[in-house]
Peer 1: 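Dropping the structure in here first, questions after.
Below, each value reflects all heavy atoms present in this structure, side chains not excepted, and no hydrogens, waters or symmetry copies.
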Amino acid sequence: MTVISATGNQALNTLLTATKTTATVSPAASQQQATTAQSAAVIIGQTDATSPVYNITKPALVWERSSSDLMSSKLASNFSNAGNAARFSGLGAALLERFTTDSGSYSQSVMKQTSAQSASSAGNVAAQTQLHTKADNQISLSIKTASGALVEITLGSDDDGLGVQVNVSKGTLSDADRKALANMAEGFQKAIDGLTAQPPKLDLSGLTKFDTSVLTSVDLHASLGTENTRTLDFHADASTRSVKSTGIDGTVNISVDMSKRALLGTESQQTQALNQYLKQFDNAGSRGNADDALMTMFRDAFTALNSNYGESATTHKSSAREPVYFSLTRTDKNMVSGLADFTASVSQTPVDKTNPMRPDEVDTFSYQVSQSSSITGTGTQDRHISQKQQSHLVASYHKALTSGLQLNLTTDRNSQNYLYYQIDDKAESTTNIQYQKGALVSASVDQRASTSTHIQKYVKGWLESDTTTPVDTSKTTDLLGKLQSDWESNHPRISFEDYLRQQNQPDLSSLVLLESDPGALKNR
């Protein structure tokens, strides 16, 4: 024990400044309970037996196992920090990078020892188990390999503990398995960093970059916080991808069907379609006055799930009891979006407290968008391709009469000066391509976009105006006619059938993409 004799508060302040560990101050009566190596005493005034003595004690730490390895050092460093971002920093990547040198299971945790735990080793075991299974903040990654092995990685944190666990079961890992797992380290850590950021982000693209011939599926689950909890469920395999994230601000829910790979377009075509959809999302968020952070998560998740498709195919097998095989051409793919089928939605938690005088005026935002495709017929010579894209936005919100003015509605009529918006927008794009006896006989796209803007204007609590503005545009584009026109103008010396087999056809995929703005659709 270090003893410092000084006068008044100066000595205590000196010691507290020099001590950089978390400390508790207790009377001299509890001095014998302190660990000598972790405490210091300050004697204020005269150094006689009657002087008061204060103990400054650093809480003891309990480790699950020997703490001499590199992972334990990382845990010790992170545990000294507060907040999930700092606690989980680098841990996900480190756990997957372990597979470059070690293919076995691993478990480690560090905790502040409580009085209940110190009285019983069973209490320590129970607390350690909870860190790995039911911590206040839990992130788990589950990966199945083609050889049948299951790898489960868990990170857990609460106020008094931090733990990690790797469990390898149902088989052993090959060199190819271990390499594929290690290659996901960066993507896993980016997902963790996004979830623990403020505001949170959905950075999941790194979890879709895996070889499905080595790793068959990847699942990520997260539950962060005891109040205002945010949860995440992510899944990816060769045929499906999905993500659902729920928090106090709202819910993002996206599912992608990868089974119709014959309809996937080129990388440039997919980029074009993805950018068009992101533009639709921005327009919807602006029209419906959506929460920026929630829409950013929606955009990022949609981008991640519609990236890294891998190789496309030229042949499609129907799901009928007696499968029919269809061979698709570049012309077919040139007349669809190029993206995999999907359903996606984002909904904001309704708010009914914006206007206490009229609680029925609820602030809401709900947006759904989807694409579904089918390939039917008796075979390649007689096939029908159909693809439908659609979106629907429903929103309502309050806005100040003067732009830039902070809205503060109360039960006082003098505060009741505002606009109340109600938005209802719909858009559709349906493409149909028909072959008979091997010949392309029809190809067209029918599109429609409609918007409805209902605005109620209140001045000092009285309804001054109530207007609804509908806008509706419909359009049909003859895709076959555009191909025939290009053939007649630029390639008249070859047959139309040979023209369809060549590579330099005009890009028609941009014409079939969903357009939610009636004005933009009219001018397309």
Side-chain angles (χ1 to χ4, degrees), residues 239-241 255-280 302-303 305-307 309-319 324-344 369-377 379-380 382-391 427-436 438-449 475-484 486 499-516 521 524:
S239 59
T240 61
R241 295 175 178 179
S255 179
V256 177
D257 179 3
M258 303 285 292
S259 64
K260 305 181 187 75
R261 304 190 70 88
L263 286 173
L264 298 182
T266 62
E267 185 175 343
S268 61
Q269 186 181 0
Q270 292 166 12
T271 299
Q272 173 184 250
L274 186 57
N275 289 338
Q276 174 69 4
Y277 270 109
L278 295 180
K279 176 184 174 184
Q280 310 292 306
F302 187 84
T303 301
L305 267 60
N306 285 285
S307 302
Y309 281 161
E311 295 296 325
S312 61
T314 57
T315 302
H316 173 75
K317 182 177 70 172
S318 72
S319 57
V324 177
Y325 291 87
F326 302 95
S327 181
L328 274 62
T329 66
R330 181 183 181 279
T331 300
D332 298 334
K333 296 187 177 188
N334 190 34
M335 293 186 288
V336 293
S337 74
L339 293 181
D341 285 351
F342 63 86
T343 59
V369 61
S370 64
Q371 175 188 291
S372 59
S373 307
S374 65
I375 307 173
T376 58
T380 296
D382 295 277
R383 64 185 185 272
H384 177 217
I385 302 169
S386 178
Q387 184 174 86
K388 184 174 183 178
Q389 305 165 70
Q390 55 187 347
S391 66
E428 290 185 2
S429 179
T430 303
T431 302
N432 285 289
I433 305 167
Q434 183 73 52
Y435 284 85
Q436 291 180 1
L440 178 62
V441 295
S442 67
S444 63
V445 55
D446 296 313
Q447 296 171 302
R448 181 178 180 181
K475 186 175 185 178
T476 297
T477 303
D478 183 4
L479 302 176
L480 176 56
K482 288 187 174 294
L483 289 173
Q484 290 173 331
D486 180 70
Y499 164 80
L500 293 179
R501 284 192 285 266
Q502 68 181 26
Q503 301 298 304
N504 56 342
Q505 298 170 17
D507 178 21
L508 300 180
S509 61
S510 61
L511 299 177
V512 307
L513 294 177
L514 187 72
E515 178 53 73
S516 59
L521 177 59
R524 174 178 282 184

Peer 1: Please check if any side-chain donor atom of N504 sits under 3.5 Å from a side-chain acceptor atom of Q502, or the reverse.
Peer 2: yes
Peer 1: Under the side chain to side chain donor-acceptor pair (under 3.5 Å) criterion, do D446 and T476 qualify, and how do the steps go?
Peer 2: CA-CA 4 Å; D446 296 313; T476 297; 2.7 Å; yes
Peer 1: Checking T380 side chain against S327 main chain: does a donor-acceptor pair fall under 3.5 Å?
Peer 2: yes
Peer 1: For the residue pair F326 and H316, categorise the inter-ring angle as parallel (less than 30°), tilted (30 to 60°) or perpendicular (more than 60°).
Peer 2: parallel
Peer 1: Is the CD atom of E267 crowded by more than 12 outside heavy atoms at less than 6.0 Å?
Peer 2: no
Peer 1: Can you tell me how far the CG atom of L274 sits from the OG1 atom of T303, to the nearest 0.5 Å?
Peer 2: 4.5 Å
Peer 1: Can you measure from CG (N275) to CG (L513) and round to the nearest 0.5 angstrom?
Peer 2: 10.5 Å
Peer 1: Checking D332 side chain against T329 main chain: does a donor-acceptor pair fall under 3.5 Å?
Peer 2: yes
Peer 1: How close do A427 and S516 get, heavy atom to heavy atom, and via which atoms?
Peer 2: CB-CA, 3.7 Å
Peer 1: Looking at every non-hydrogen atom in both residues, tell me the closest pair between Q276 and R524 and how far apart they are.
Peer 2: NE2-NH2, 3.6 Å
Peer 1: Main chain of I375, side chain of R383: is a donor-acceptor contact present, judged purely on distance under 3.5 Å?
Peer 2: no
Peer 1: Any sub-3.5 Å donor-acceptor pair from D486's side-chain atoms to K482's backbone N or O?
Peer 2: no
Peer 1: So, N334 side chain and R330 main chain: donor-acceptor pair closer than 3.5 Å or not?
Peer 2: no
Peer 1: Below 4.5 Å, heavy atoms only, C-beta onward: do H384 and N432 meet side chain to side chain?
Peer 2: yes
Peer 1: Could you give the distance from OG1 (T314) to CG (L264), rounded to the nearest 0.5 Å?
Peer 2: 12.0 Å
Peer 1: Check whether any side-chain heavy atom of F302 sits under 4.5 Å from a side-chain heavy atom of V256, and report yes or no.
Peer 2: no
Peer 1: Is it true that atom NZ of K475 has more than 12 heavy atoms of other residues, nucleotides or ligands lying nearer than 6.0 Å?
Peer 2: yes
Peer 1: Measuring only between side-chain heavy atoms, which start at C-beta, is I385 closer than 4.5 Å to M335?
Peer 2: no
Peer 1: Using 0.5 Å steps for rounding, measure from the CG atom of D257 to the OG atom of S370.
Peer 2: 12.5 Å
Peer 1: Does either side chain, that of Q447 or that of Q389, offer a donor lying less than 3.5 Å from an acceptor on the other one?
Peer 2: no
Peer 1: Between N306 and Y277, does any side-chain donor sit less than 3.5 Å from a side-chain acceptor?
Peer 2: no
Peer 1: Does any N or O in the side chain of E515 come within less than 3.5 Å of the main-chain N or O of S429, such that one atom is a donor and the other an acceptor?
Peer 2: no
Peer 1: According to side-chain contact (heavy atoms from CB on, under 4.5 Å), who are the partners of E428, at least two apart in sequence or on a separate chain?
Peer 2: K388, Q390
Peer 1: At what distance, to the nearest 0.5 angstrom, does OG of S312 lie from CG of L328?
Peer 2: 10.5 Å
Peer 1: I'd like to know if the side chain of Y309 and the backbone of Q270 have a donor-acceptor N/O pair within less than 3.5 Å.
Peer 2: no
Peer 1: What heavy-atom pair brings L508 and L479 nearest, and what distance separates the two atoms?
Peer 2: CD1-O, 3.9 Å
Peer 1: Return the minimal non-hydrogen interatomic distance between A313 and K333, and the atom names on each side.
Peer 2: O-NZ, 2.8 Å
Peer 1: Distance only, no hydrogens: is a donor on one side chain within 3.5 Å (strictly under) of an acceptor on the other, for S337 and Q371?
Peer 2: yes
Peer 1: For V336, is there any backbone N or O sitting under 3.5 Å from a side-chain donor or acceptor partner on T431?
Peer 2: no
Peer 1: Ignoring hydrogens and geometry beyond distance, is a side-chain donor-acceptor pair present between Q505 and T331 at under 3.5 Å?
Peer 2: yes
Peer 1: Would you call V369 and Q280 a side-chain contact if the rule is heavy atoms closer than 4.5 Å?
Peer 2: no
Peer 1: Using the salt bridge (charged side-chain N to carboxylate O under 4.0 Å, His left out) rule, pick out the option among K260, R261, R241 that qualifies with D341.
Peer 2: K260
